[in-house]
Amino acid sequence: MNGNHRECGRNSAAMHRLHGRADYMAEADGAAALDNFEHLPQEDFSTEEMRGSMQSILSQNIGNFVVIEFLIGVGEIVRKQGMLYLVGRSFVTLYDEPVNNFIVCDIFSVKFVYFYMPNERPRVNYNILPNPGGYGRR
């Protein structure tokens, strides 16, 4: 895979919007802070032992919009959506642009990742939390 493919998502319109915000601060080592979310530099997963791993595939697609399905317990699937923002050895971070939230997810429960074409989004917002038992309703 060539370097141009790796930079494709990182040059997405959504990433440019984030990096252009007044509250975005980048450090020389690649660490950054946006609003109240701080993170270390993006890891390099191009090593021989990480090549072909979920972390490697996801890190090559940073900046792209995804829906990720997570297996919780033995049979519950939970979906989260957003722009791939950061990938670590044990986590993936999504940015939910409409509500300006970061979602840090356990990478070891990831089962499926759906990649969307530019400007396409799912019809359902998978980040809306359920209201179990009706708590908080008026």
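This one's a predicted model, so the numbers in the text were calculated from it and none came from an experiment.
- The hydrophobic cluster containing Val99 does not contain Leu84, counting ILVMFWY residues as joined when their side-chain heavy atoms lie under 4.5 angstrom apart, directly or transitively.
- Note: the hydrophobic cluster containing Ile103 does not contain Tyr126 (ILVMFWY, side chain heavy atoms under 4.5 Å, direct or indirect links).
- Met83 is not listed as a side-chain neighbour of Asn64, based on a closest heavy-atom distance of 4.5 Å or more.
- Remark: Pro118 pairs with no residue by the side-chain contact (heavy atoms from CB on, under 4.5 Å) rule, at least two apart or across chains.
- In terms of heavy atoms, Leu18 sits closest to Tyr24 at O-CB, 3.4 Å.
- Residue pairs satisfying the salt bridge (charged side-chain N to carboxylate O under 4.0 Å, His left out) criterion with at least one member in residues 52-75, sequence neighbours excluded, are listed as follows: Glu69-Arg79.
- Following chains of ILVMFWY side-chain contacts shorter than 4.5 Å, one can reach Val78 starting from Val92, so the two form part of one hydrophobic cluster.
- Closest approach of Gly88 to Ile107, counting heavy atoms only: O-CD1, 4.3 Å.
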Worksheet entry | Intermediate values then yes/no, side-chain contact (heavy atoms from CB on, under 4.5 Å), Met25 and Leu34 | CA-CA 6 Å; Met25 297 179 55; Leu34 180 63; over 6 Å; no
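- In terms of heavy atoms, Glu38 sits closest to Ala33 at CG-CB, 3.7 Å.
- Within the structure, side chain to side chain donor-acceptor pair (under 3.5 Å) pairs that include any residue of residues 85-108 comprise Arg17-Glu97, Arg21-Tyr95, Arg21-Asn100, His39-Tyr85, Glu43-Arg89, Tyr95-Asn100, Asp96-Asn127 (at least two apart or interchain).
- Taking a 6.0 Å sphere around CZ of Phe112, one finds it holds 12 or fewer heavy atoms contributed by other residues, nucleotides or ligands.
- A cation-pi arrangement, defined by a distance under 6.0 Å to the six-membered ring centre and an angle within 45 degrees of its axis, is present between Arg121 and Phe65.
- The two residues Ile57 and Gly52 come nearest to each other via the heavy atoms CD1-O, 4.0 Å.
- Transitive grouping of hydrophobic side chains (ILVMFWY, heavy atoms separated by less than 4.5 Å) brings Ile68 and Phe115 into a common cluster.
- In this structure, NZ on Lys111 lies 5.5 Å from CG on Leu71, to the nearest 0.5 angstrom.
- In terms of heavy atoms, Phe91 sits closest to Leu86 at CE1-CD2, 3.9 Å.
- A 6.0 Å sphere centred on CG of Asp23 holds more than 12 heavy atoms belonging to other residues, nucleotides or ligands.
- Pairing each heavy atom of Arg51 with each of Ser56, the nearest pair is CA-OG, 4.4 Å.
- There is no path of hydrophobic side-chain contacts, each under 4.5 Å, that joins Leu94 to Val124.
- Counting only distance, with no hydrogens or angles, the side chain of Gln55 and the backbone of Val87 share no donor-acceptor pair below 3.5 Å.
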